Participant: 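What follows is a structure written as structure tokens; I'll ask about it next.
In what follows, every chain begins at residue 1, and chains take the letters A, B, ... in the order their sequences are listed. Note that the structure is predicted; figures quoted are calculated from it, not measured.
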Protein chains: 2
Amino acid sequence: MTDNDTNSTPERKRGSGVKVVYDLLRDEILDLVLPPGSPIDEVQLAERFKMSRTPIREALVRLAGEGLIDTLPNRSTMVSNIDFFNMHTFFDALVLMYRVTTRLAAQYHRAEDLQVIRARQAEFAAAVAAQDALGMIATNAAFHSAIAEAGRNAYFTGLFNRLLDEGRRILRLYYQSYEDRLPQRFVDEHEDIIAVIAARDAEAADRLATIHAEQIVQQIQKLFARGGKLDIAL
Amino acid sequence: MTDNDTNSTPERKRGSGVKVVYDLLRDEILDLVLPPGSPIDEVQLAERFKMSRTPIREALVRLAGEGLIDTLPNRSTMVSNIDFFNMHTFFDALVLMYRVTTRLAAQYHRAEDLQVIRARQAEFAAAVAAQDALGMIATNAAFHSAIAEAGRNAYFTGLFNRLLDEGRRILRLYYQSYEDRLPQRFVDEHEDIIAVIAARDAEAADRLATIHAEQIVQQIQKLFARGGKLDIAL
DNA sequence: TGCATATTATTTGTCGACAAAAATTATGCA
DNA sequence: TGCATAATTTTTGTCGACAAATAATATGCA
């Protein structure tokens with residue numbers, strides 16, 4: 001099965017290889033196309049992407065740095081597991097980042113930020129209307145990520161985006177069982193959040209974000225039963 | 001100065017190369033041995049560590065993932081700059097993480113955690129007594145990192161350790177000018193923090209951590225003048 | 001001399017190959 | 001047959017080399 005068939009230029013732009021592999025693997029992991037525990041084979045990926053193992057390995061190192069894959073020293077690499085036992089730490093962090101980023105957005109956003117946020121909200125509403133579960137997950141994350149960007153704190157957006165990624169995996173699990181559910185309320189809450197951000201009301205933003213975040217956390221917790229939440233008043 | 005002296009086996013354990021390079025470069029960056037803007041030359045590092053460019057590059061990819069170095073696509077790599085213009089985002093994140101990690105430590109710590117924390121505090125006190133500026137910076141970070149570990153939230157400890165790293169660079173700048181200063185108060189405040197953690201008083205832990213964090217922030221801000229702070233009540 | 005273009009040099013990204021570790025299978029002995 | 005040891009296979013970590021991309025330098029022309 002020699003593959004030097006008719007292609008004249010097997011050329012892809014230099015340096016683009018890692019990004020292609022990284023982006024695709026990342027999406028496949030977050031969408032559970034590669035479920036937790038899936039083995040990652042360098043040689044196999046090299047064949048699949050028609051490149052040597054070097055750029056593949058660089059992409060894997062990056063993914064490992066973000067905790068999306070786990071690498072055993074001299075042995076196998078696999079998609080990292082979802083830590084159900086410590087799920088509460090995820091919820092604690094998610095709620096706090098929802099609050100902080102929304103609050104900072106109310107304080108520091110500029111006019112153009114609101115346009116982006118409203119565009120994301122429109123996409124989310126469209127996904128909800130279309131009953132597109134995967135689309136809802138992705139656009140919801142994009143919506144809140146846009147809010148975080150308006151807050152202009154790279155440390156918070158960094159952690160938050162990571163949490164949203166992990167949430168994408170968890171929600172993917174969730175929506176596999178429930179399919180489509182409780183969406184319209186989220187759309188309405190998003191509108192309220194946009195309003196208080198536009199009004200630069202940091203306290204209200206904090207309050208609404210808290211409610212919004214705990215709402216979604218509770219929905220997920222119904223599935224992965226477990227008690228207690230971060231007792232932090234702000 | 002050829003150094004293939006008497007050693008028969010120039011062999012270093014397989015897979016250990018990246019860690020050596022990563023750890024050393026990381027320390028040199030955080031201690032400002034490699035100041036922001038320093039060029040990173042792969043070939044030069046390969047010669048220095050007597051290995052090929054492959055493990056060097058992997059170490060660099062990791063460092064880039066943590067934001068410690070910046071990589072221009074097809075061109076040079078250099079130690080990332082300290083973003084003085086957005087220093088307030090650093091302070092906001094640092095204060096919040098001080099609070100959250102200390103609060104969680106009060107809630108979730110175990111007996112053995114306190115032993116570790118007290119050991120770190122002893123090391124910090126020793127560094128203060130010895131007027132060892134570099135030691136103070138490192139042991140102070142280790143002390144708070146140990147508290148964060150006791151809080152058992154990997155998301156928070158991840159961001160916090162990153163902030164402590166960045167703080168190590170900034171403090172290194174700070175202590176270069178002021179040398180030794182205001183240390184005993186920090187030692188005392190540490191003791192108070194340990195006490196409220198041991199008493200499992202989350203509210204007090206939050207309060208003391210806030211004061212402690214803002215204390216250090218204000219000291220640094222005196223140098224890098226700039227107003228405003230995260231207006232978040234908790 | 002001043003500037004645009006061409007040549008050279010430097011550095012990065014990618015490749016194929018080899019060796020070390022671990023896993024897997026085979027072999028030998030009781 | 002059962003188990004310890006040895007051979008084989010598989011997969012990872014490392015290496016040296018080459019080519020593309022950029023920077024630095026040289027060349028030619030007005």
Participant: Whole angstroms only, please: what is the NZ-C1' distance between A:Lys13 and D:dT22?
Facilitator: 16 Å
Participant: Nearest whole Å is fine: how far is C:dT12 C1' from B:Gln44 CD?
Facilitator: 15 Å
Participant: As a test of understanding, state which of B:Arg120, B:Arg118, B:Gln121 forms a side-chain hydrogen bond (donor to acceptor under 3.5 Å, both in side chains) with B:His190.
Facilitator: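 That would be B:Gln121; it is the only one of B:Arg120, B:Arg118, B:Gln121 passing the side-chain hydrogen bond (donor to acceptor under 3.5 Å, both in side chains) with B:His190.
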Participant: In residues 33-40 of chain B, which ones come under 4.0 Å of DNA chain D, going by heavy atoms?
Facilitator: none
Participant: Starting from P on D:dT14, measure out to CZ on B:Arg53 and report it in whole angstrom.
Facilitator: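 In whole Å, D:dT14 P lies 15 Å from B:Arg53 CZ.
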Participant: Give the table of side-chain donor-acceptor pairs shorter than 3.5 Å for residues 55-65 of chain B, with sequence neighbours excluded, one pair per line with atom names and distance.
Facilitator:
{"residue": "B:Arg57", "atom": "NH1", "partner": "B:Glu42", "partner atom": "OE2", "Å": "3.0"}
{"residue": "B:Glu58", "atom": "OE2", "partner": "B:Arg62", "partner atom": "NH2", "Å": "3.1"}

Participant: When you measure from every atom of DNA chain C, which of residues 54-64 of chain A have a heavy atom less than 4.0 Å away?
Facilitator: A:Thr54, A:Pro55
Participant: Out of B:Asn153, B:Val100, B:Leu96, B:Leu94, which residue meets the side chain to side chain contact (heavy atoms under 4.5 Å, CB included) rule with B:Phe160?
Facilitator: B:Leu94
Participant: In whole angstrom, what separates B:Glu42's CD from C:dT14's P?
Facilitator: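 These atoms are roughly 12 Å apart.
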Participant: Would you mind listing every side-chain hydrogen bond (donor to acceptor under 3.5 Å, both in side chains) that reaches into residues 67-77 of chain B, with sequence neighbours excluded?
Facilitator: A:Arg14-B:Asn74
Participant: Would you tabulate the pairs of protein nitrogen or oxygen atoms and nucleotide nitrogen or oxygen atoms of nucleotides 6-11 of chain C closer than 3.5 angstrom?
Facilitator:
{"residue": "C:dT11", "atom": "O4'", "partner": "B:Arg75", "partner atom": "NH2", "Å": "3.4"}

Participant: With sequence neighbours excluded, give me every side-chain hydrogen bond (donor to acceptor under 3.5 Å, both in side chains) pair touching residues 154-164 of chain A.
Facilitator: A:Ser145-A:Asn161
Participant: In whole angstroms, how far is the P atom of C:dG16 from the NZ atom of A:Lys50?
Facilitator: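 The answer, rounded to whole Å, is 13 Å.
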Participant: Rounded to whole angstroms, how far apart are CD1 on B:Ile69 and C1' on C:dT12?
Facilitator: 13 Å
Participant: Side chain to side chain donor-acceptor pair (under 3.5 Å) with A:Glu47: which residues, sequence neighbours excluded?
Facilitator: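 For A:Glu47, no residue satisfies side chain to side chain donor-acceptor pair (under 3.5 Å) once neighbours in sequence are set aside.
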Participant: At under 4.0 Å, does any side-chain N or O of A:Arg12 touch on OP1 or OP2 of C:dC15?
Facilitator: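 Answer is yes, contact under 4.0 Å.
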Participant: If you look only at pairs with a residue in residues 141-152 of chain A, which of them pass as a salt bridge (Lys or Arg N to Asp or Glu O under 4.0 Å), with sequence neighbours excluded?
Facilitator: A:Asp113-A:Arg152
Participant: Run the side chain to side chain donor-acceptor pair (under 3.5 Å) test against A:Glu28 and tell me which residues pass, sequence neighbours left out.
Facilitator: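 Side chain to side chain donor-acceptor pair (under 3.5 Å) check on A:Glu28 returns A:Arg48.
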Participant: Who pairs with A:Thr102 by side chain to side chain contact (heavy atoms under 4.5 Å, CB included), at least two apart in sequence or on another chain?
Facilitator: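 A:Thr102 satisfies side chain to side chain contact (heavy atoms under 4.5 Å, CB included) with A:Ile147, A:Ile193, A:Ile197, A:Ala205, A:Ala209 only.
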Participant: Which residues satisfy the side chain to side chain donor-acceptor pair (under 3.5 Å) test with A:Asp132, sequence neighbours excluded?
Facilitator: none
Participant: How close or far is atom P of C:dG16 from atom CD of A:Glu47, stated in whole angstroms?
Facilitator: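 About 12 Å, once rounded to whole Å.
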Participant: Report the residues that fulfil side chain to side chain contact (heavy atoms under 4.5 Å, CB included) with A:Asp41, sequence neighbours left out, ordered by chain and then residue number.
Facilitator: A:Val43, A:Gln44
Participant: Mind calculating the distance between CG (B:Leu45) and P (D:dT14) to the nearest angstrom?
Facilitator: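 One finds 15 Å between P of D:dT14 and CG of B:Leu45, rounded.
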